Amino acid sequence: MGKDKETRVRFAPSPTGHLHIGSARTAYFNWLFAKKNQGKLVLRIEDTDAARHVEQSLESLTHALRWLGLGWDEGYEAGGGSGPYRQSQRKAIYAGYAQKLIDAEKAYPCFCSPQNLAQQRQQAEKEGKTYTYNRCCLNLKRSEVQERIAKGSPYAVRIQLPHRHKIHFEDTVYGNITVDTSQLDDFIILRSNQLPTYNFSATIDDALMKISHVIRGEDHLSNTPKQIIIYHLLGFGLPCFTHLPMILGEDGRKLSKRHGSVSIEAYKNQGILPQAILNYLALLGWSYTGQQDIFSVQEAVEKFDLSRLHKKPARFDHQKLLWINGCYIRGMDPDRLAALIAQRMKTGLKDKDLRTDWDRDLEKKIKMIVPLIQERIKTLDEAMDWIGPFFCKVSYSQEAVHFFDRKKTDAPLVLQKTIEALENQTIFSGPNIEQNLRNLAQEMDLSLRNYTQVVRMALWGNKVSPPLFETIAILGKECTLHRLKNYLEAITAKT
RNA sequence: GGCCCGUUCGUCUAGUGGACUAGGACACAAGAUUUUCAAUCUUGGAACAGGAGUUCGAUUCUCCUACGGGCUGCCA
């Protein structure tokens, strides 16, 4: 860990599914640390478990990282001097080191069958005992080992654990940690299919790729002693270890699919902005004053500091994420927001009942609408609900039709008068319409609240709508009158 | 079960022995504003897990208990 050594960190996901919110935070913190220290971020793919490997998730993973804006300097798809960056393509390297350890009698072949071992483990568990491997293959004669190998018997390779040896290491977050090797097992480093296990491949790669700081989830804290043994046995220097507290679901349990949307992709689909996700993630397990909640990625880079990491696992709070997303939406350039919404519209309103006169100039219309809804939405998804009635025909629910039945307002009269007033409206702009209709309400001796309620119901089929007068202006004279007449008809035709 | 780690409002957190009547944010409640809904502003309720030490003094240091999380795989 020489001072002049380059800062190199890595994000090393295993391609088993979509990018998870917890992994995203790990990626972000690594990214922040690299940026802060003008270091490099390496993307390494830990695909040593063929059974769990899902090839498509690689694309999903890189896509999500890029969408979040977390680019990497080296690694998968980026190349670099320490490749290949997929562990499945580095088999020979791991096998070589494993052989080295065998030759040095620091590791040994194990011919026990997985089934057999599982049985032993089960047995020990049943008896309430801690299972440790019985080391039967450690005592095999050299000749017998040779013979079995020659015969082609499958074997795994196990570390020969140093006896009663204390392992010390320092974690940035959790401080000094000491573990006695008696708590460990002769763990497997190479499977019988010649592929390495996590602790072996991660260690070798971190060393070979000259990773200076290992920043990963707290679930790896207990693995670290095993890795330290490998570092020592192979004569590698240690990186700095930093373990990040876990992100828990809202119920305090480990985050999993049961918690609904936990993948970045799901949040993207809901219309959460990448900045908002990163901002929220930075609030989990890290803080720099506790007084500020909204800060840009740029600010985060400036302030980021490993020493302000927490130890306590944090629960994921969807409400706060939504609030942050709302902040970013409100602060966004309206034209950019319009573009994002237009993009979603193309798929979102596909099978709805579109107004025939509005199928062109989609984005132009949305630009007019955005100022009305920008401060009302928390996600891009919600924008669809607000925008829909501008583009689609409205229909009136039973509730809408009977809404004024028990109210004092003479809805049919209001509608008739409004129709007349708007038919005579020459300049169809928000302020002009407002002036006109305010006057009308006054003439009819109605509070603006009670008056607008009728028009709102007619135009939106709903108690809630965007600001009414601007909405009328955007809807246009023809459409507005049409809806007013329709509603009038609907409420008078009812029996 | 064993080992490792943790514990401040419902949630995220500030706090590193006296400045703490424990601060901020989300959420919640009330009010203001208002053409609805939001947004905005004001106000309010809400926490140091429990016990024993150390100390003139503990949210802050130590120990124990309780609770929570992680690991304990030929998963990562």
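Chain letters run A, B, ... following the sequence lines, proteins first and then strands; every chain starts at 1. Just so you know, these numbers come straight off a predicted model, no measurement behind them.
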Handout entry: H243(A) side chain near C5(B) phosphate (N/O to OP1/OP2, under 4.0 Å)
Key = no
Problem - Donor-acceptor pair under 3.5 Å, K320(A) side chain vs A25(B) base - result: yes
Handout entry: No-H, no-angle donor-acceptor pair, T197(A) side chain to C74(B) base, under 3.5 Å
Key = no
Fill in the blank from the handout: Per-nucleotide protein contact along nucleotides 28-47 of chain B, 5' to 3', at a 4.0 Å heavy-atom cut-off (B base, S sugar-phosphate only, - neither), is -------BBBBSS-------
Counting any heavy atom closer than 4.0 Å, what does [X] reach on the DNA or RNA strands: base, sugar-phosphate only, or nothing?
{"X": "I188(A)", "value": "base"}
{"X": "N223(A)", "value": "base"}
{"X": "R216(A)", "value": "nothing"}
{"X": "S287(A)", "value": "sugar-phosphate"}

Measure from the side-chain heavy atoms of [X] and tell me the nearest of [options].
{"X": "T130(A)", "options": "G6(B), G2(B), G70(B)", "value": "G2(B)"}
{"X": "H220(A)", "options": "A76(B), G70(B), C5(B)", "value": "A76(B)"}
{"X": "R315(A)", "options": "C12(B), C74(B), G6(B)", "value": "C12(B)"}
{"X": "K312(A)", "options": "G69(B), C75(B), G6(B)", "value": "G6(B)"}
{"X": "L283(A)", "options": "G2(B), C71(B), C12(B)", "value": "C12(B)"}
{"X": "D219(A)", "options": "A76(B), C74(B), C12(B)", "value": "A76(B)"}
{"X": "Q291(A)", "options": "C3(B), C4(B), G23(B)", "value": "G23(B)"}
{"X": "R52(A)", "options": "A76(B), G69(B), A25(B)", "value": "A76(B)"}

Practice task
For D180(A) and R164(A), indicate whether the former's side chain and the latter's backbone hold a donor-acceptor pair under 3.5 Å.
Solution key: no
Exercise for the section: Sorted by first residue and then second, give each salt bridge (charged side-chain N to carboxylate O under 4.0 Å, His left out) pair with at least one member in residues 122-136 of chain A; sequence neighbours left out. Expected result: E127(A)-K129(A), R135(A)-D186(A)
Exercise for the section: Whole angstrom is fine here: how far is it from CE in M246(A) over to P in G70(B)? Expected result: 8 Å
Practice task
Would you kindly give the CD-to-P distance between E250(A) and C12(B), to the nearest whole Å?
Solution key: 10 Å
Completion exercise
Test side chain to side chain donor-acceptor pair (under 3.5 Å), reference D206(A), set H213(A), R44(A), Q227(A), output is R44(A)
Side chains of residues 169-176 of chain A: which donor-acceptor partners sit under 3.5 Å, not counting sequence neighbours?
residue, atom, partner, partner atom, Å
D171(A), OD1, H243(A), N, 3.1
D171(A), OD1, H243(A), ND1, 2.6
D171(A), OD2, V173(A), N, 2.7
D171(A), OD2, Y174(A), N, 2.7
T172(A), OG1, F241(A), O, 2.9
T172(A), OG1, T242(A), OG1, 2.6
Y174(A), OH, K311(A), O, 3.1

